[in-house]
Asks: 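Sharing a structure here in structure tokens format.
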Amino acid sequence: MSVNLKGRHFLSMLDFSREEILAVLDTAKELKGKRNKAADSLPLSGKTLAMIFQKPSLRTRVSFETGMTQLGGHAIYLAPTDISIGKRETTEDIATVLSRMTDVIMARVFGHDIVADLAKYSTVPVINGLSDYEHPCQTLADFQTVIERKGKLEGLTFCYVGDGNNVAHSLMFGGAQVGMNVTIITPSGYEPVPEVTEKATAIGKGTGATIMITNDLEAMSGVDVLYTDVWASMGQEAEAEARKQIFKAYCIDAKAMSLAKDDAVILHCLPAHYGDEIDYDTSRLPNSAIFDQAENRLHAQKALLVHVAG
Ligand code: CP
Ligand code: NVA
């Protein structure tokens, strides 16, 4: 491992430099190649991951828990009602207690301030397993998947279609860091937070990445990657019906595929609402890597865990 990330928090794609992101992705590739071989070392033997969830999950929970098992460690699932972060007990006390007992903390939360507070008071690494602001573990897996399909990140044009949400934010930060152009196409009023666009644009100036935010679906023309996510994120359920009307043209379908490059990779972080942000047939095309992407959550996060907690 060429970089030393031991003890580092990972709350944002901005927490790691370009070199550090690429080093984690290299380790992810290596671990994927060695998967389940008896010769695997157990770098997290005897170590415990505490997993705090304020929201539901399939991929994040299973990938972190399985990842810890495969690395020789153990993971504890703390359901939303188990510790009721901020209600039963303060974030400060939770971080302090978990730091005395466990070796690394992963948290899926509503407000980003909760993971920031956990990191402030924790003496062990804290990993953001999704907040309303960012989903950086997803971006690591997404980038691993793009490298598998395209052999590189730098210089590609990565197009995200849909809501300017947590997933979009992490892709923008990550793309800017690694020199990959990121185009975000949203309905008017659903653009990414301006502060994210400003920061990503400024970083991109130094790495050669162009960050474009538009409402124009024609911006899918000639892109290398087409990505989408749900129109209403966890916590926005009450807006779901209204958003269906507003977002209905912002969908990955045959028309989108006709605009993108012929070999454009289709990605979706899942869970998917087929017929809304992506149609089922498009999601099953050979260009689609959505299940490689889901699997890569395991490999990318194992790499992350080895780097920060190994
Ligand atoms: N993509 C993702 O984070 O999936 P889960 O919500 O199932 O963890
Ligand atoms: N933007 C979605 C991602 C789910 C993995 C959400 O926050 O619900």
Side-chain angles (χ1 to χ4, degrees), residues 10-13 28 49-68 75 77-80 105-115 127-146 160-174 182 184-187 190-193 196 225 227-244 246-247 250-252 266-274 276-278 283 288-302 304-305:
F10 184 58
L11 309 186
S12 165
M13 284 307 290
L49 166 71
M51 306 191 295
I52 299 171
F53 282 90
Q54 282 193 318
K55 297 174 174 173
S57 170
L58 173 67
R59 280 145 291 272
T60 303
R61 178 183 176 181
V62 175
S63 54
F64 270 107
E65 197 162 332
T66 304
M68 282 303 287
Y77 173 66
L78 297 162
I105 298 167
M106 186 278 294
R108 164 165 287 195
V109 297
F110 287 98
H112 192 76
D113 55 318
I114 300 172
V115 274
I127 295 170
N128 178 3
L130 181 149
S131 68
D132 287 347
Y133 191 65
E134 273 206 61
H135 196 2
C137 293
Q138 182 67 54
T139 296
L140 290 179
D142 301 341
F143 283 6
Q144 183 178 2
T145 311
V146 172
Y160 172 98
V161 183
D163 185 27
N165 61 15
N166 44 8
V167 169
H169 290 168
S170 289
L171 290 168
M172 290 165 69
F173 284 150
V182 181
I184 306 283
I185 309 179
T186 73
Y190 293 88
E191 293 84 358
V193 170
V196 173
V225 180
Y227 192 114
T228 191
D229 180 18
V230 291
W231 293 336
S233 286
M234 291 179 276
Q236 298 173 330
E237 289 77 6
E239 294 175 40
E241 274 312 306
R243 282 175 176 245
K244 266 187 187 240
I246 296 163
F247 281 76
Y250 291 78
C251 158
I252 305 294
I266 300 163
L267 298 178
H268 190 312
C269 57
L270 304 177
H273 293 160
Y274 296 113
D276 286 350
E277 75 275 0
I278 191 164
S283 77
S288 170
I290 63 174
F291 294 111
D292 296 337
Q293 186 187 1
E295 180 190 328
N296 286 338
R297 294 291 303 279
L298 172 68
H299 310 299
Q301 289 157 199
K302 280 172 72 180
L304 177 64
L305 288 164

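As the structure lists them, so they are numbered: ligands from 1, and atoms in each ligand from 1. No experiment lies behind these values; they were computed from the predicted model shown.
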Asks: Hey, is the main chain of Val161 close enough, under 3.5 Å, to the side chain of Thr228 for a donor-acceptor pair?
Replies: yes
Asks: Could you tell me whether a side-chain N or O of His112 sits under 3.5 Å from a main-chain N or O of Glu134, the two making a donor and an acceptor?
Replies: no
Asks: So for ligand 2, is Arg108 a polar contact partner (N or O within less than 3.5 Å, distance only)?
Replies: no
Asks: Ligand 2 versus Asp163, non-hydrogen atoms closer than 4.0 Å: side chain, backbone, both, neither?
Replies: neither
Asks: Could you tell me which atoms of ligand 1, counted from 1 in the order shown, lie closer than 4.0 angstrom to a heavy atom of Cys269?
Replies: 1 (N)
Asks: Pick one of side chain, backbone, both or neither for how Asn166 approaches ligand 2, counting any non-hydrogen atom pair under 4.0 Å.
Replies: side chain
Asks: Suppose we measure from atom 4 (O) of ligand 1 to each protein heavy atom; which comes out shortest, and what is that distance?
Replies: Arg59 NE, 2.8 Å
Asks: I need the nearest protein heavy-atom contact for atom 8 (O) of ligand 2: residue, atom name and distance, please.
Replies: Met234 N, 2.8 Å
Asks: Decide yes or no on side chain to side chain donor-acceptor pair (under 3.5 Å) for Gln144 and His299, but give the supporting numbers first.
Replies: CA-CA 9 Å; Gln144 183 178 2; His299 310 299; 5.6 Å; no
Asks: I'd like to check which ligand 2 atoms, numbered from 1 as shown, lie under 4.0 Å from a non-hydrogen atom of Asn165.
Replies: 1 (N)
Asks: Only one of Lys302, Arg297, Gln301 forms a side-chain hydrogen bond (donor to acceptor under 3.5 Å, both in side chains) with Ser63, so which one is it?
Replies: Gln301
Asks: Taking the side chain from Glu237 and the backbone from Gly235, do they hold a donor-acceptor pair closer than 3.5 Å?
Replies: yes
Asks: With a 4.5 Å cut-off on side-chain heavy atoms, are Phe173 and Pro136 touching?
Replies: no
Asks: Donor-acceptor check, side chain of Gln293 to backbone of Thr145, threshold 3.5 angstrom: yes or no?
Replies: no
Asks: Tell me which protein heavy atom sits closest to atom 7 (O) of ligand 1, plus the residue, atom name and distance to 0.1 Å.
Replies: Leu58 N, 2.6 Å
Asks: Taking both backbone and side-chain atoms of Lys55, is any N or O found less than 3.5 Å from an N or O belonging to ligand 2?
Replies: no
Asks: Do Asp276 and Lys244 have side chains that approach each other closer than 4.5 Å (heavy atoms only, starting at C-beta)?
Replies: yes
Asks: Starting from atom 5 (C) of ligand 2, locate the nearest protein heavy atom and write down its residue, its atom name and how far away it is, to 0.1 Å.
Replies: Leu270 O, 3.7 Å
Asks: If we only consider heavy atoms of His135, is any one of them less than 4.0 Å away from an atom in ligand 1?
Replies: yes
Asks: Nearest to atom 3 (C) of ligand 2, what protein heavy atom do you find, and at what distance?
Replies: Asp229 OD2, 3.6 Å
Asks: Would you confirm whether the ring centroid of Phe247 sits within less than 6.0 angstrom of the ring centroid of Tyr190?
Replies: yes
Asks: Asn166 side chain to Ser131 main-chain N or O, any donor-acceptor pair under 3.5 Å?
Replies: yes
Asks: Could you identify the single nearest non-hydrogen protein atom to atom 2 (C) of ligand 1 and state the distance to 0.1 Å?
Replies: Arg297 NH1, 3.2 Å
Asks: Applying a heavy-atom cut-off of 4.0 Å, say which part of Arg108 lies close to ligand 1: side chain, backbone, both or neither.
Replies: side chain
Asks: Can you tell me if Leu130 contacts ligand 1 (heavy atom of the residue under 4.0 Å from the ligand)?
Replies: no
Asks: Using only atom types and a distance under 3.5 Å, with no angle test, would you say the side chain of Arg108 pairs donor to acceptor with the backbone of Gly129?
Replies: yes
Asks: Any atoms of ligand 2 less than 4.0 Å from a non-hydrogen atom of Leu130? List them with their elements.
Replies: 3 (C), 4 (C), 5 (C), 7 (O)
Asks: Look only at interatomic distance and state if Leu270 has a nitrogen or oxygen under 3.5 Å from any nitrogen or oxygen of ligand 1.
Replies: yes
